[in-house]
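The model shown is predicted, which means the values in this text are computed figures rather than measured ones.
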Amino acid sequence: MPNTGHETSISLRREGTIGFFSGIVIGIAAGMIGVGGGEFRIPVLIYLLRLPVRVAAGANTVIGLAVVVLGVFRRWGQHQWTSDDYTLATVMVAASLVGALLGAHFANRLPIRPLKTFVIAYLFVVGVWMVVEAFLHAEHALLNPTGFSRWTLAAATAFAIAGISGSLGVAGGEMRIPALMYLFGLPIKAAGTVSLLVSIPTVASAAFAYRQQGHIPNNVLAVAAVMGIGSMLGVLIGAALLPYVDKHTLKGILGAILLAATACLSLPWLRERSVR
């Protein structure tokens with residue numbers, strides 16, 4: 001029997017409901033921590049909504065763009081910005097734009113498995129370290145260079161993270177925030193806001209590239225819009241809670257999120273599925 005409009009509306013209703021409520025939960029973490037949440041959305045898009053991998057990655061960039069823009073707007077006045085913060089963000093935005101465009105453009109040609117393995121290892125090590133630091137109330141900065149070395153490192157770090165994120169269809173906040181903390185000495189709340197700001201051109205350029213490549217069909221945009229609305233509501237909730245959470249608790253939460261992201265990425269979600 002051929003599909004009818006009624007059957008399609010039921011499917012969209014189910015997908016929209018799942019997307020909306022999962023978006024709220026993931027959005028809370030995005031608003032509080034400063035992550036995009038793509039590592040959690042992609043398993044939902046693939047396993048629950050049954051989207052093909054590249055389509056899920058494309059839809060995730062659309063949702064992630066709404067999340068990071070609202071996250072920056074909501075968190076902007078919650079800490080004092082210095083001239084160094086602005087310069088760091090500017091350098092990383094420029095490098096991220098190039099990295100994300102290249103990552104998304106060559107997504108079909110890049111060796112996904114090694115990239116995924118690297119990200120999993122990175123998130124696991126940093127997640128464990130953050131949980132330990134949270135319990136010990138300790139803080140460590142591995143580098144924190146100054147001058148030209150700082151901006152060179154910022155550009156290289158941003159380019160690499162954006163390239164990997166663009167190829168996987170995620171915002172990269174889970175990788176970028178620890179880098180900002182341990183390589184540049186930013187406090188966790190400032191690192192989250194800077195990361196969201198850097199994510200805007202990263203996710204926007206990736207979304208544009210995926211759309212141009214046909215990985216974001218019109219019928220998927222409706223589901224992405226509903227999930228995006230739920231995610232934005234979650235961002236507002238998470239950002240409202242941010243002033244009431246101390247930095248050590250926040251670091252512990254971020255560490256737990258990184259370990260959860262490791263588990264999500266360990267799922268075989270990069271296995272291609274047939275288009276519905």
Q: Please check: side-chain N/O of Arg75 versus main-chain N/O of Met32, any donor-acceptor pairing under 3.5 Å?
A: yes
Q: Quick one, Met181 with Glu139, criterion side chain to side chain contact (heavy atoms under 4.5 Å, CB included). Give me CA distance, side-chain angles, the key distance, then yes/no.
A: CA-CA 9 Å; Met181 293 171 58; Glu139 293 187 48; over 6 Å; no
Q: Working note: Asp85 + Phe184, criterion side chain to side chain contact (heavy atoms under 4.5 Å, CB included); need CA distance, chi angles, decisive distance, verdict.
A: CA-CA 10 Å; Asp85 292 337; Phe184 302 97; over 6 Å; no
Q: I want to check something: taking the side chain as every heavy atom from C-beta on, are Asn218 and Leu221 in contact at a cut-off of under 4.5 Å?
A: yes
Q: Would you say that Val131 contacts Leu258 through its side chain, given a criterion of any heavy-atom pair below 4.5 Å between the two side chains?
A: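 Val131 vs Leu258: side chains apart.
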Q: Using a cut-off of 6.0 Å, state whether more than 12 heavy atoms not belonging to Phe20 lie near its atom CZ.
A: yes
Q: Spell out, yes or no, whether Ile237 and Phe21 are grouped together once hydrophobic residues are joined by side-chain heavy atoms under 4.5 Å, including indirect joins.
A: yes
Q: Which heavy atom of Ser195 sits nearest to which heavy atom of Gly173, and what is that distance?
A: OG-CA, 3.5 Å
Q: I'd like to know if Phe208 and Ile216 are part of one continuous hydrophobic network [Ile/Leu/Val/Met/Phe/Trp/Tyr, side-chain heavy atoms within less than 4.5 Å].
A: no
Q: Enter the distance from Thr146:OG1 to Asp84:CG here, rounded to the nearest 0.5 Å.
A: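 So the OG1 of Thr146 and the CG of Asp84 are separated by 9.5 Å.
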Q: How far does CD1 of Ile42 sit from CZ of Phe40, to the nearest 0.5 angstrom?
A: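 Result: 11.5 Å between the selected atoms.
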Q: Does the side chain of Leu180 reach to within under 4.5 Å of the side chain of Thr157, using non-hydrogen atoms?
A: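 With C-beta onward as the side chain, the pair stays apart.
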Q: For Thr61 and Gly58, indicate whether the former's side chain and the latter's backbone hold a donor-acceptor pair under 3.5 Å.
A: yes
Q: Looking at Arg211 and Val62, would you say the former's side chain and the latter's main chain have a donor-acceptor pair under 3.5 Å?
A: no
Q: For Phe124, does the CZ atom have more than 12 heavy-atom neighbours from other residues, nucleotides or ligands under 6.0 Å away?
A: no
Q: Enter the distance from Ile24:CD1 to Met227:CE here, rounded to the nearest 0.5 Å.
A: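 Rounded to the nearest 0.5 Å, the CD1-CE separation comes out at 11.0 Å.
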Q: So which heavy atom on Val35 is nearest to which on Ala30, and how close?
A: O-CB, 2.9 Å
Q: Go through it in stages, so that I can follow the logic: the residues are Leu186 and Ile177, the test is side chain to side chain contact (heavy atoms under 4.5 Å, CB included), and I'd like the CA-CA distance, side-chain angles, deciding distance and then a yes or no.
A: CA-CA 9 Å; Leu186 266 64; Ile177 294 174; over 6 Å; no
Q: Which atom pair, heavy atoms only, marks the closest approach of Ala89 to Val198?
A: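 Shortest heavy-atom separation between Ala89 and Val198 comes out as O-CG2, 4.1 Å.
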Q: Hey, any chance Leu196 and Val93 share a hydrophobic cluster, counting ILVMFWY side chains that come within less than 4.5 Å of each other, even indirectly?
A: yes
Q: Give a yes or no on this: more than 12 heavy atoms of other residues, nucleotides or ligands lie within 6.0 Å of atom OH of Tyr86.
A: yes
Q: Of all heavy-atom pairs between His140 and Tyr182, which one has the smallest distance, and what is that distance?
A: O-CD2, 2.9 Å
Q: Identify the two heavy atoms, one from Gly64 and one from Val203, that lie closest to each other, and give their separation to 0.1 Å.
A: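 Here Gly64 and Val203 meet closest at C-CG1, 3.9 Å.
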Q: Can you confirm whether Pro187 sits close enough to Lys247 that some side-chain heavy atom of one is under 4.5 Å from a side-chain heavy atom of the other?
A: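 Result no, sub-4.5 Å side-chain heavy-atom pair not found.
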Q: Rounded to the nearest 0.5 Å, what's the gap from CD1 on Ile33 to CD1 on Ile257? Could you check?
A: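 Separation between the atoms: 4.5 Å.
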Q: Of all the heavy-atom pairs spanning Pro178 and Tyr122, show the shortest one and how long it is.
A: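 Looking at all heavy atoms of both residues, the closest pair is CB-OH, 3.7 Å.
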Q: Are Leu259 and Val25 linked, directly or through intermediate hydrophobic residues, by side-chain heavy-atom contacts shorter than 4.5 Å (ILVMFWY only)?
A: no
Q: Scan Val132, Val126, Val128 and name whichever one has a side-chain contact (heavy atoms from CB on, under 4.5 Å) with Met130.
A: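 Option passing the side-chain contact (heavy atoms from CB on, under 4.5 Å) with Met130: Val126.
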Q: Report yes or no: does Arg41 contribute a side-chain atom to a donor-acceptor pair with the main-chain N or O of Gly23 at less than 3.5 Å?
A: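 Here the side-chain-to-backbone pair does not exist.
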Q: Rounded at 0.5 Å granularity, tell me how far OG1 in Thr262 sits from CG in Leu123.
A: 4.5 Å
Q: Group every Ile, Leu, Val, Met, Phe, Trp and Tyr by side-chain heavy-atom contacts under 4.5 Å, then state whether Leu88 and Leu183 land in the same group.
A: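 Yes: a chain of side-chain contacts under 4.5 Å links Leu88 to Leu183.
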Q: Any chance you could lay out the side chain to side chain contact (heavy atoms under 4.5 Å, CB included) test for Trp76 and Leu197, step after step, and finish with the verdict?
A: CA-CA 9 Å; Trp76 187 262; Leu197 181 62; 4.3 Å; yes
Q: Mark yes or no for whether Lys251, through its side chain, and Ala138, through its backbone, hold a donor-acceptor pair below 3.5 Å.
A: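 A pair under 3.5 Å: yes.
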Q: So Asn144 and Arg150, do their side chains get closer than 4.5 Å, heavy atoms only?
A: yes
Q: To the nearest 0.5 angstrom, please state how far the CD1 atom of Ile188 sits from the OG1 atom of Thr193.
A: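 Answer for the CD1-OG1 pair, Ile188 versus Thr193, is 10.5 Å.
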